[in-house]
Amino acid sequence: MRKLGKKVIHFYNNSGSLDNVIKFLENVHKKVNYLNLNVSVEGKSIKITLFGSRDLQYLATERLKELANRYL
């Protein structure tokens, strides 16, 4: 049986551009599948909570880091 859990990842929008945050979130929506996500944006801080299989959380974390490097 797969282990289920919760993982919280924090990102910071260094540019301060709302357009970059929107592009980041649109790509997160396209690229991360099979997990439940909660996203909270407050100012320049972005908090993403992943729910689901730990294996998928690990893969999603790597993909989120790549997207954050590109857009934030």
Side-chain angles (χ1 to χ4, degrees):
M1 183 172 168
R2 296 181 303 180
K3 292 184 179 181
L4 300 177
K6 174 175 101 169
K7 183 171 187 169
V8 179
I9 306 168
H10 296 273
F11 295 105
Y12 190 75
N13 181 12
N14 293 322
S15 68
S17 171
L18 183 59
D19 290 333
N20 288 348
V21 173
I22 292 170
K23 288 178 187 176
F24 172 71
L25 293 176
E26 287 174 345
N27 280 294
V28 166
H29 180 70
K30 291 177 190 174
K31 303 271 182 176
V32 177
N33 298 320
Y34 305 110
L35 287 173
N36 292 326
L37 298 173
N38 285 337
V39 178
S40 172
V41 179
E42 294 181 17
K44 292 184 178 184
S45 177
I46 301 169
K47 175 182 167 184
I48 299 177
T49 307
L50 304 168
F51 298 96
S53 165
R54 290 193 182 166
D55 293 338
L56 292 175
Q57 287 179 12
Y58 175 77
L59 294 172
T61 300
E62 295 302 315
R63 193 166 275 180
L64 289 171
K65 287 178 183 177
E66 290 173 9
L67 291 172
N69 286 335
R70 185 182 307 160
Y71 293 105
L72 304 178

Exercise for review: Enter the distance from His10:NE2 to Thr49:OG1 here, rounded to the nearest 0.5 Å.
Suggested key: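 Result: 7.5 Å between the selected atoms.
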
Check your understanding: About how many Å separate CG of Leu72 and CG of Leu64, when rounded to the nearest 0.5 Å?
Key ->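 Spacing of CG (Leu64) from CG (Leu72) equals 10.5 Å.
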
Check your understanding: Val8, Val32: one ILVMFWY side-chain cluster at the under-4.5 Å cut-off?
Key ->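 The answer is no; the residues belong to distinct hydrophobic clusters.
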
Exercise for review: Identify whether Phe51 and Tyr34 are in the same connected component of the hydrophobic contact network (ILVMFWY, side-chain heavy atoms under 4.5 Å).
Suggested key: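 No, no single cluster joins them.
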
Practice item. Mind listing the closest non-hydrogen atom pair of Arg63 and Lys31 along with its distance? Key: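 Closest approach of Arg63 to Lys31, heavy atoms only: NH1-O, 2.8 Å.
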
Check your understanding: Shortest non-hydrogen contact from Thr61 to Lys7?
Key ->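 In terms of heavy atoms, the two residues are closest at OG1-NZ, 3.5 Å.
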
Check residues 35-46 and write down every donor-acceptor pair under 3.5 Å in which the side-chain atom is one partner and the other belongs to a residue at least two apart or another chain.
none

**Study point:** Residues in ring pair (Phe, Tyr, Trp, His ring centres under 6.0 Å) contact with Phe24, at least two apart in sequence or another chain
**Key:**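 Scan of Phe24 (ring pair (Phe, Tyr, Trp, His ring centres under 6.0 Å), adjacent residues dropped) gives Phe11.
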
Review point. Which pairs pass side-chain hydrogen bond (donor to acceptor under 3.5 Å, both in side chains) with one or both residues in residues 11-29, sequence neighbours excluded?
Key: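 Matches after skipping sequence neighbours: Asn13-Ser15, Ser15-Asn20, Asn27-Tyr71.
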
